[in-house]
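Working notes for the structure below.
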Number of protein chains: 2
Amino acid sequence: MTGPRYTPLAQSLPSTVPFVGPETQERQRGASFVARLGANESIFGPSPSATQAMAHAASEIWMYGDPENHDLRHALADHHGVSPENIVVGEGIDGLLSYLVRLIVGPGDAVVTSDGAYPTFNYHVAGFGGILHKVPYSGDHEDPSALFAKAAEVGAKLVYLANPDNPMGSWHSGADIVAAMDALPDGCLLVLDEAYVECAPEGTAAPVSIDDPRVIRMRTFSKVYGMAGARVGYAMGTPDLIAAFNKVRNHFGMNRAAQAGALAALQDGAWLEHVQAQIAEARARIGTIARENGLAALPSATNFVAIDCGRDGDFAKAVLDALVAQGIFVRMPFAAPQNRCIRVSCGPASDLDAFAAALPEALAVARVR
Amino acid sequence: MTGPRYTPLAQSLPSTVPFVGPETQERQRGASFVARLGANESIFGPSPSATQAMAHAASEIWMYGDPENHDLRHALADHHGVSPENIVVGEGIDGLLSYLVRLIVGPGDAVVTSDGAYPTFNYHVAGFGGILHKVPYSGDHEDPSALFAKAAEVGAKLVYLANPDNPMGSWHSGADIVAAMDALPDGCLLVLDEAYVECAPEGTAAPVSIDDPRVIRMRTFSKVYGMAGARVGYAMGTPDLIAAFNKVRNHFGMNRAAQAGALAALQDGAWLEHVQAQIAEARARIGTIARENGLAALPSATNFVAIDCGRDGDFAKAVLDALVAQGIFVRMPFAAPQNRCIRVSCGPASDLDAFAAALPEALAVARVR
């Protein structure tokens, strides 16, 4: 008896995962985290009306969700002033990235991203056999011009740009992104990941025309909307591109309660403003904590702050490990020199108090290693 | 400005969908369905403790779900007397089928299924470029021997078999399936879809060894457990095969509340028995309704009943359309001669009363067309 015959591509793929979850770390430590500040979740929570909508939908969960995501797509279209045909809803940006890469990238196809940008995008590109080309960050910012020049050089079919950026929290004005797009090579699609754009200053969302076939924009309910565990993301693009997702997506893949929750969250503008204010406050507090410890916090347009630990990646990793040992879940960038930083998510005062209490010892431990 | 360059495979795919959802039909009709009996959902609902668990988890939805699905996988392992390494949890059987096909099927690879079996499996096979070979049903049953003989003939990498079967509700004993597996060709993986097995007589679940590399078994919380809208399925197989899913799956794709709900549902054996009894009662009632209208109900080991309308597919389609026009959502098999039937999901008395009230007129309308 022999086992299955995998595709050559599947055989070649590693079994590594993009991220280790905090629950896995908790099981390894044998204790829960005191503060969960590593995954850029919104500890401020979702809109109470979203929570209510999801709780209510729990009693209707015997029904499959609407495979067209009709009500949510229409509400999003109204929200953005576009047509429902410009919007596809999916299982988080992660799920949508997988579908998009599958539609466009085959074995050997070139794709461009920044060295140290979102690992899950890279995971999907590798998963469909694409060849990743990376350009470095420039001053802790993604570098649109360098990305698009590299895309032209290697004939890329996709180029990935997050604005604001994760893991650094840096950003470009939307107008600068659109201007840089003049250099996008023909036939290369820009994946503009705007997961954090609701935390960013006015003018950060790229003012691209919804009819522009060169770009697809991704948004999520996982960050400012506080629904990471619900898995609701969406993409905006031309009707042709959006319709192509119907060729490959899991049509009945959206959780019914998640659809209802996202719809309610979208309609609660007051909660959005409340969270935006909380995030601004938390960013300032994280900056203060960094300074009190002799460290610099990088400017952030996201719901997290990168703190420059002042030495190399090994030192930052030692700080991170010492924080984790004290029950503070944080993460850090993967690539040098950005990996001189640790990345701390915004949270309520109690969580940041715990971080503030743990950081001096973490630095002391790291310094004597 | 040009649009994206899709893969040749993506360009070749149609934009058709496996199923039109009932919400789409309701929007087209401009009215809600009176009875939702078409998608084999469990109108009896999930365990109250599952509903509670999901409602509670709504307040924690700001956290991503555990990407390892640790607690649910361990509970499932205990439930089945296997190891957690034998179990992968995914976004419904639909999601797991997509991952499995992706791991094994590339352009031109042969796959075998029954003509008229689960369209979503076919959708995934086509979506990864596989070539489907179909064998007919035998007496309204899937035909394991014919399936496996065809797999040998065409060198199939995958063969799909649902037991019990959807859309006919027929079944084989698990022992018969295992005996037929002697004819499975080397290197061909059997996908045994047991989505409905909790509705079936004792002995229907195939007694395959968990170490048998020739088979992967799929189960779901969408049917008897009443959680279709939550999107929780799982597969059981050898550790090697299960680990391969980690190469391609959306690691953070599981809704956090859905994980909690499935865990609670699994632990409520009393509710499972309650629903099993309700299903048995409803199957009998659907049989009675059929007989009262001069029709024959097929034996069923599922939570639905195929009713033989006594003529051809066009006639059954006319009956179905006339039911839908009266607000009764039902579906029907796609392939002849099984498409002489309509397929009616089990439900509480009130739903079946509505079906019973509508069927005579539907038949009358169909007969005069």
Side-chain angles (χ1 to χ4, degrees), chain A residues 1-7 10 13 15 17-18 21 23-24 39 41-43 45-46 51 54-55 58-59 61-68 70 91 94-95 98 103-104 106 127 157 186-187 189 213-214 226-231 240-241 243-244 246-248 250-253 255-258, chain B residues 1-7 10 13 15 17-18 21 23-24 39 41-43 45-46 51 54-55 58-59 61-68 70 91 94-95 98 103-104 106 127 157 186-187 189 213-214 226-231 240-241 243-244 246-248 250-253 255-258:
Chain A
M1 295 193 301
T2 60
R5 290 174 285 161
Y6 300 102
T7 67
L13 293 174
S15 284
V17 302
E23 289 82 5
T24 305
E41 298 157 328
S42 188
I43 309 172
T51 306
M54 287 184 280
S59 64
I61 208 75
W62 60 269
M63 289 185 272
Y64 287 102
D66 173 15
E68 297 189 357
H70 176 277
E91 303 92 336
D94 284 2
S98 174
L103 284 168
I104 293 181
K157 292 174 92 174
D186 247 22
L189 183 71
R214 300 173 301 167
M227 292 174 52
R231 315 314 300 126
D240 278 359
L241 176 54
N246 284 331
K247 297 179 171 190
V248 297
N250 186 358
H251 287 265
F252 286 84
N255 182 292
R256 186 178 186 94
Chain B
M1 298 194 298
T2 59
R5 289 174 284 163
Y6 300 101
T7 66
L13 294 173
S15 286
V17 302
E23 289 82 4
T24 305
E41 297 157 328
S42 188
I43 310 172
T51 306
M54 287 183 279
S59 64
I61 208 76
W62 60 270
M63 289 184 273
Y64 287 102
D66 174 15
E68 296 189 358
H70 176 276
E91 304 92 335
D94 284 0
S98 174
L103 284 168
I104 292 180
K157 293 175 91 175
D186 247 20
L189 183 71
R214 300 173 300 167
M227 292 175 52
R231 314 316 299 127
D240 279 359
L241 177 54
N246 285 331
K247 298 179 171 191
V248 298
N250 186 359
H251 287 266
F252 285 84
N255 181 293
R256 187 178 185 92

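Hydrogens, waters and symmetry mates play no part in the numbers below; they use all other heavy atoms, side chains included. Letters A, B, ... are given to chains in the order of the sequence lines, protein chains preceding strands, and every chain is numbered from 1.
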Original post:
Within a strict 4.5 Å, meaning less than it, do heavy atoms of the B:L13 and A:L103 side chains meet?
Top reply: no
Original post:
Which heavy atom of B:P213 sits nearest a heavy atom of A:P4, and at what distance?
Top reply: O-CD, 3.8 Å
Subject >> Most contacts with chain A, counted as non-hydrogen pairs under 4.5 angstrom, among B:P46, B:A257, B:S42, B:G65 >> reply: B:S42
Subject >> Contact leader toward chain B among A:G253, A:G127, A:A228, A:G187, where contacts are heavy-atom pairs under 4.5 Å >> reply: A:A228
**OP:** Tell me, out of B:D240, B:T24, B:D94, B:I104, who's got the most heavy-atom pairs with chain A below 4.5 Å.
**Re:** B:I104
Subject >> Which atoms of A:L189 approach chain B - backbone, side chain, both or neither, heavy atom under 4.5 Å >> reply: side chain
**OP:** To the nearest 0.5 angstrom, please state how far the CD atom of A:E68 sits from the CG atom of A:N246.
**Re:** 8.5 Å
**OP:** Could you tell me which non-hydrogen atom of A:A55 sits nearest to which non-hydrogen atom of B:A58, and how far apart they are?
**Re:** N-CB, 4.2 Å
Subject >> Approximate separation, where rounding is to 0.5 Å, of B:M63 CE and A:I43 CD1 >> reply: 9.5 Å
Subject >> Max heavy-atom pair count under 4.5 Å with chain A, selected residue of B:G226, B:A258, B:A244 >> reply: B:G226
Original post:
Does a side-chain heavy-atom distance below 4.5 Å link A:Y64 with A:N255?
Top reply: no
**OP:** Would you mind telling me which of B:M54, B:R256, B:H70, B:E91 has the largest number of heavy-atom pairs within less than 4.5 Å of chain A?
**Re:** B:H70
Original post:
When rounded to the nearest 0.5 angstrom, what is the spacing between CZ in B:R214 and CG in B:L241?
Top reply: 14.0 Å
**OP:** Tell me, out of B:G95, B:A230, B:G45, who's got the most heavy-atom pairs with chain A below 4.5 Å.
**Re:** B:A230
Original post:
Are side-chain heavy atoms of B:N250 and A:S98 found at a separation under 4.5 Å?
Top reply: no
Subject >> chain B contact via A:T7 - side chain, backbone, both or neither, heavy atoms under 4.5 Å >> reply: both
**OP:** Specify which of B:K157, B:M227, B:H251, B:R5 makes the most heavy-atom pairs with chain A at under 4.5 Å.
**Re:** B:R5
Original post:
So what's closer than 4.5 Å to chain B heavy atoms on A:A243: side chain, backbone, both or neither?
Top reply: backbone
Subject >> Region of B:T51 that comes under 4.5 Å of a non-hydrogen atom in chain A >> reply: both
